[in-house]
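Working notes, structure below.
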Amino acid sequence: MSVQLSYSSSNLLLGCEQRYSHYKVMSTSKDIDFEENYKAFNIGKAFHWILEVSEHRKPESISSLLGTARVDFDLEDSDVALVHAMVLKYLRGTKGDGLSVVKCEYKIDHPEIIGFIDLISKYDDGRWLIADLKTSAAVYPTTVKKLALDRQLSLYAYFAPEIAKVYGLDMDKFLGCAYRVTTKPRLKQKRDETYNEYVLRLADRANFHDFRIPIELMRPQAAFDTHMRLHKRALELHAGEEPLKNYNYCDSYFRPCEYWSHCHGKCFSEVEIEDHAFRETLPIPDELN
Ligand code: SF4
């Protein structure tokens, strides 16, 4: 059988093979108490979509794009204002950076890999880069300081020679990757505030970062090799090999795994912790008692 492994699926596989198998091999139903965080997901998707269709420039009519996004991504009023503000912040942040768009959503269509690169852009002098867009509640120094070893960015950089060939770009002028983060501020609309005032306040509170990772610091070949090893393991799992369980991954991103009951016997919400059991067996210092 043939499998095209995306970066996110490879990451899932790396996190817990059993979880990958539930999702990709067995199509197991998610636990009934699992709450999908569609809201955050859809806000990010709407943001990406508006920038893609407007080719990272100020759209002619953002209201009409927001109207479509509201329906297609099932956004509430406050989400629409938030997406509007984030697009505004992104456009303010990239205005005058000297880059022009070569391609949005470039499809990597390798026999073993599938993926979409958010943006390829270039300067007038021919220097060019690959950009990945993220939306996030905050930007953590721990994330930023390890970007040179980020497997996703390095995997995308591996395809730079192919991209250069398709768009007539000079590989000697490939700079590396940009990691662009727009944050999602949490502010409620005030009673006496108009929609536009609210959007501007959100945009002022949001942050935009454009971290650049020079190609000299990246590891494209290592990222590709790791991906291919994971692809081989994915094939074994699809062929019926027993997946490993990684219980350290059951609460990744501070949420219970959607297949919790299959490994822990009960749904997450049904598991009760009897705290006193620890009190009986562990001596607790007086000041904590
Ligand atoms: S509950 Fe834990 S061990 Fe089981 S599939 Fe999910 S992450 Fe893996």
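Throughout, numbering of the chain's residues begins at 1 and tracks the sequence. Counting starts at 1 for both ligands and their atoms, in listed order.
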Practice item. Say whether, by atom type as modelled, one donor and one acceptor occur between the side chain of His110 and the main chain of Glu112 under 3.5 angstrom. Key: yes
**Study point:** ring pair (Phe, Tyr, Trp, His ring centres under 6.0 Å) contacts in which one or both residues fall within residues 126-156, not counting sequence neighbours
**Key:** Trp128-Phe174
Point to revise | Under 3.5 Å: donor-acceptor pair, side chain of Glu17, backbone of Ser21 | key: no
Practice item. May I ask you to list the protein N, O or S atoms found at less than 2.8 Å from atom 6 (Fe) of ligand 1? Key: Cys257 SG
Exercise for review: Assess Arg127 against Tyr123: is NZ or CZ under 6.0 Å from the centre of the six-membered ring, and within 45 degrees of the ring's axis?
Suggested key: yes
Revision key, fill the gap. The residue among Val101, Val166, Leu99, Leu169 that forms side-chain contact (heavy atoms from CB on, under 4.5 Å) with Ile120 is Leu169
Revision key, fill the gap. Nearest heavy-atom approach of Cys177 to Met218 is SG-CE, 3.5 Å
